[in-house]
K.L.:
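Attaching a single structure in structure tokens format; questions to follow.
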Amino acid sequence: MKGHKKFLALSHVVLIIVAICSIVPFWLLLAASFTDEAYAIKNGYAFWPKELSLAAYEYLMSQWQMFGRGYAITIIVTVIGVILCLTVTMSFGYMISREGLPGGKIFNYMVIFTMLFNGGLVATYINYTQNFHIKDTLFALIIPNLVTNAFYIFMTKNFFKGNIPEEIIEAARIDGCSEIGIFFQIVLKLSKPMVATLALLSGVMYWNDWQNGMYYLDDVNMFGIQNILNAINTNAQYLRMLGRGADMPTETVRMAAAAIGILPILLIYPFFQEYFVKGMTMGGVKE
Amino acid sequence: MKKNRQWKKWIPIYILGLPGILYLLINNYMPLYGLLIAFKDYNYSLGVWKSPFVGFQNFEYLFKTKDAWVITRNTIGYNLLFILLNTVIGVALAIFLNEVRKKVSKKIYQTAILLPYLMSMVVVSYLAYIFLGDRTGMINHLLTSLGLPPVKFYMTKTYWPLILTFVNEWRNIGYGTIIFLASIVGISESYYEAAELDGATKWQQIKLITVPLLKPTVIMLVTLSMGNIFRSDFGLFYQVPRNQGMLFSVTNTIDTYVYRALLQSGDISLSSAAAFYQSAVCFITIIIFNNIIKKYSKENALF
């Protein structure tokens, strides 16, 4: 028994250290964004900034057009993206979940093949820019990520198979409900945990996406929040181009911008943690 | 006649699946013809079909460069290291987390450890910069205050294998931990109760019950990752080193190379050859490792 207590104590020590390591950088980011620029350059960022300053946030406010638009674009893309992702993934998942569907196997393999082989960035890029001309449109931010993880299709398929009994579908059909009506009015209503999980996973994915913006957007006015952050990060001149002078606190402004970018996730995540965990543990299983 | 009616009854279901079918065709199947670019002297105005065919010339061009070896080595090398660490640390943390019985503390640990996984790599790059930056970085100010010379991290190759490994573990370990934890939770309590009666110590229980019963999950996850050994996390290798040219020999992977050749230096012959090379070797490794999974557990194999 004594050994057990020791092991439990060891577990707590290790987990506390790992948990602190996971959180500390976020605290530092917040602290850095409130630090006085000159002080930060002289003394480096610290856990507890000695000279507080709101200059970085004041600067962001003065550039509210860029950041506000970025935020708005990210929100629009996330909302539309999640809705489309749910519709496409779940309705396809529902189709392949139905027993006895002629051609069901073919559709199954159609998904599996995408996991085995893909054209890669060049082929995808050429397809989207030359055939669909999505450069500098909102489509560029929504479409390429729609079904990023083919496992999600199987996740919904397995959920429907395991949780929606044939009898319910049969009963609804006898009541005169159409097949499409059954899916939207009955199956989806019974799949709320699945809908929530998938919505959160794809919502975070859309909120965090910067790659499609980097591939397909030249127009800086189309940038969402992540692409603004990316531009500030990789192009030292980007902020200066917009700013009015050398007095701008370049270092701390970056931190403030990043802090604003992660705020929604930090606010939402703790309350929905279980859904994320559920989705992730289910996500990697085909059958 | 009867068969025809049977088929008709499924039409609404096919309609439901149609958006998904169209999407897969557009996003996953249509680009496949673009793989031809690797065998062509591609010209944007001529398009894929009309550009002149050049055989394996693009590949010769690619494999004559030193880069081909460097990006392959980096992609495989980092992946092997990440797979090893993700497994070892993930299993260890999952075992520790499983010991914690109090629901509240368990939830707090889990929430904290998983948080970095939800951040975009752009943000992760900002977080790394707080520590590594030249002017404001915490590590450099610590070094100077100790009387040591500062390090220009974004210009010094030596540290990057360590930095990238650390950042990767920091960001992804929460994911590995919850996957392994889900599988530990599934182990029947009765094994531990029996071991307890026989007077087994905690360490013996872990060694003789938990780890052996985790083996199938570990084998499956490692095999799945091995199948993707030619794919790298583009964000990690592009964002965290902030696209610094001086670091390329230790930070460039196939994915970052393809991106830079396509959209930064505009060399479509090199990028299409590298992308084709990646798709092809990936396909082979996935097939090989899928066959290995099939031997251990049929239900987890892709096909």
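The basis for the numbers below is simple: all heavy atoms, side chains too, and nothing from hydrogens, waters or symmetry mates. Below, chain A is the first sequence line, B the second, and so on; all start at residue 1.
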K.L.:
Name the option with the most non-hydrogen atom pairs under 4.5 Å to chain A; the candidates are F283(B), Y29(B), F276(B).
P.N.:
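That would be Y29(B).
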K.L.:
Would you say the ring centroid of Y216(A) lies under 6.0 angstrom from that of Y125(A)?
P.N.:
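Yes, ring centres under 6.0 Å apart.
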K.L.:
L115(B) versus chain A, heavy atoms under 4.5 Å apart: side chain, backbone, both or neither?
P.N.:
both
K.L.:
Sort out for me which of C21(A), A32(A), A259(A) touches chain B most, counting heavy-atom pairs under 4.5 Å.
P.N.:
C21(A)
K.L.:
Does any heavy atom of chain A fall under 4.5 Å from the side chain of V48(B), the backbone, both, or neither of them?
P.N.:
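Only the side chain of V48(B) comes within 4.5 Å of chain A.
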K.L.:
Under 4.5 Å from any heavy atom of chain B, what part of I23(A) do you find: side chain, backbone, both or neither?
P.N.:
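Contact with chain B involves the side chain of I23(A) alone.
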K.L.:
So what's closer than 4.5 Å to chain B heavy atoms on I96(A): side chain, backbone, both or neither?
P.N.:
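Contact with chain B is absent: no heavy atom of I96(A) under 4.5 Å.
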K.L.:
Please flag which part of V277(A) lies under 4.5 Å from any non-hydrogen atom of chain B: side chain, backbone, both or neither.
P.N.:
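For V277(A), backbone and side chain are both near chain B.
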K.L.:
Apply side chain to side chain donor-acceptor pair (under 3.5 Å) to residues Y277(B) and N58(B) and explain how you reach the verdict.
P.N.:
CA-CA 11 Å; Y277(B) 157 62; N58(B) 293 335; over 6 Å; no
K.L.:
Given S105(B), which partner from the list K107(B), K103(B), K102(B) fulfils the side-chain contact (heavy atoms from CB on, under 4.5 Å) test?
P.N.:
K102(B)
K.L.:
Could you check, using the six-membered ring where one of them is a Trp, whether Y44(B) and Y42(B) have ring centers closer than 6.0 angstrom?
P.N.:
yes
K.L.:
Tell me, with the steps shown, if N233(A) and S125(B) meet side chain to side chain donor-acceptor pair (under 3.5 Å).
P.N.:
CA-CA 8 Å; N233(A) 205 16; S125(B) 162; 2.7 Å; yes
K.L.:
Looking at L18(B), I95(B), I113(B), L118(B), which has the largest count of heavy-atom pairs under 4.5 Å with chain A?
P.N.:
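Ranked by contacts with chain A, first place is L118(B).
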K.L.:
Looking at Q278(B), R101(B), Q110(B), which has the largest count of heavy-atom pairs under 4.5 Å with chain A?
P.N.:
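It is Q110(B).
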K.L.:
Where on M214(A) is there a heavy atom nearer than 4.5 Å to chain B: the side chain, the backbone, both, or neither?
P.N.:
both
K.L.:
Under the side chain to side chain donor-acceptor pair (under 3.5 Å) rule, what do Y215(A) and Q211(A) come out as? Steps first, then yes or no, please.
P.N.:
CA-CA 6 Å; Y215(A) 300 154; Q211(A) 296 190 16; 3.2 Å; yes
K.L.:
Please indicate whether F139(A) has more than 12 foreign heavy atoms, meaning atoms of other residues, nucleotides or ligands, lying under 6.0 Å from its CZ.
P.N.:
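Counting other residues, nucleotides and ligands, CZ of F139(A) stays at 12 neighbours or fewer.
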K.L.:
Sequence neighbours left out, what passes salt bridge (Lys or Arg N to Asp or Glu O under 4.0 Å) with E179(A)? Give chain and number order.
P.N.:
R98(A), R173(A)
K.L.:
Under a 3.5 Å cutoff, is there a donor and acceptor pairing between the side chains of N27(B) and Y128(A)?
P.N.:
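Checked: N27(B)/Y128(A) side chains pair up, N/O donor to acceptor below 3.5 Å.
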K.L.:
Under the salt bridge (charged side-chain N to carboxylate O under 4.0 Å, His left out) rule, what pairs show up with a residue in residues 208-218 of chain A, not counting sequence neighbours?
P.N.:
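Those involving residues 208-218 of chain A are K135(A)-D218(A).
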K.L.:
According to the interplanar angle, ranging from 0 to 90°, do the rings of F183(A) and Y94(A) count as parallel (below 30°), tilted (30 to 60°) or perpendicular (above 60°)?
P.N.:
tilted
K.L.:
Based on non-hydrogen pairs under 4.5 Å, which of M255(A), E37(A), M110(A) is most in contact with chain B?
P.N.:
M110(A)
K.L.:
Looking at chain B, which one of P102(A), G93(A), P270(A) has the largest number of heavy-atom pairs inside 4.5 Å, strictly under?
P.N.:
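Ranked by contacts with chain B, first place is P102(A).
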K.L.:
Relative to chain B, which segment of L266(A) carries a heavy atom at a distance below 4.5 Å: side chain, backbone, both, or neither?
P.N.:
side chain
K.L.:
What part of R231(B) gets within 4.5 angstrom of chain A, counting heavy atoms only: side chain, backbone, both, or neither?
P.N.:
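Contact with chain A: side chain only.
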K.L.:
Compute whether any side-chain donor of one residue and acceptor of the other, for T210(B) and Y192(B), lie under 3.5 angstrom apart.
P.N.:
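Yes, because at least one side-chain N or O of T210(B) sits under 3.5 Å from a partner of the opposite role on Y192(B).
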K.L.:
Could you check which of Y14(B), Y129(B), W203(B), F131(B) has the highest count of heavy-atom pairs closer than 4.5 Å to chain A?
P.N.:
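Option with the top pair count is Y14(B).
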K.L.:
Counting heavy-atom pairs under 4.5 Å with chain B, which one of I265(A), L28(A), L8(A) comes out on top?
P.N.:
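Highest number of pairs under 4.5 Å: L28(A).
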K.L.:
Look at L84(A), T252(A), T124(A), N230(A) and state which one has the largest set of heavy-atom pairs under 4.5 Å with chain B.
P.N.:
N230(A)
K.L.:
For the interface with chain A, which of L93(B), T201(B), N243(B), I11(B) has the highest count of heavy-atom pairs at distances below 4.5 Å?
P.N.:
L93(B)
K.L.:
Regarding N212(A) and Y206(A), is there a side-chain donor-to-acceptor distance under 3.5 Å anywhere?
P.N.:
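Y206(A) and N212(A) do not have a side-chain donor-acceptor pair below 3.5 Å.
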K.L.:
Please state whether the side chain, the backbone, both or neither of I26(B) comes within less than 4.5 Å of a heavy atom of chain A.
P.N.:
both
K.L.:
Which atoms of L97(B) come close to chain A, meaning under 4.5 Å heavy atom to heavy atom: side chain ones, backbone ones, both, or neither?
P.N.:
both
K.L.:
Just checking, is any N or O donor in the side chain of H141(B) or Y45(A) under 3.5 Å from an acceptor N or O on the other one?
P.N.:
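No, no side-chain donor-acceptor pair sits under 3.5 Å.
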K.L.:
Find the one option among W207(A), F132(A), F184(A) whose heavy-atom pairs under 4.5 Å with chain B are most numerous.
P.N.:
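It is F132(A).
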K.L.:
Apply side chain to side chain donor-acceptor pair (under 3.5 Å) to the pair N28(B) and N118(A), showing each step before the final yes or no.
P.N.:
CA-CA 7 Å; N28(B) 299 84; N118(A) 73 62; over 6 Å; no
K.L.:
Is I21(B) close to chain A through its backbone or its side chain, or both, or neither, when contacts mean heavy atoms under 4.5 Å?
P.N.:
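Contact with chain A: backbone and side chain both.
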K.L.:
Non-hydrogen atoms of chain B under 4.5 Å away: do they reach the side chain of L229(A), the backbone, both or neither?
P.N.:
both
K.L.:
For V147(A), which atoms come within 4.5 Å of any heavy atom of chain B: side chain, backbone, both, or neither?
P.N.:
both
K.L.:
So which part of N43(A) gets closer than 4.5 Å to some heavy atom of chain B, the side chain, the backbone, both or neither?
P.N.:
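Interface part for N43(A): backbone (N, CA, C, O).
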K.L.:
Any side-chain to backbone donor/acceptor pair from W27(A) onto F47(A)? Under 3.5 Å, distance only.
P.N.:
yes
K.L.:
With a 4.5 Å cut-off on heavy-atom pairs, point out which of I286(B), L127(B), L181(B) contacts chain A the most.
P.N.:
L127(B)
K.L.:
Is it the backbone or the side chain of I37(B) that comes under 4.5 Å from a heavy atom of chain A, or both, or neither?
P.N.:
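Side chain only.
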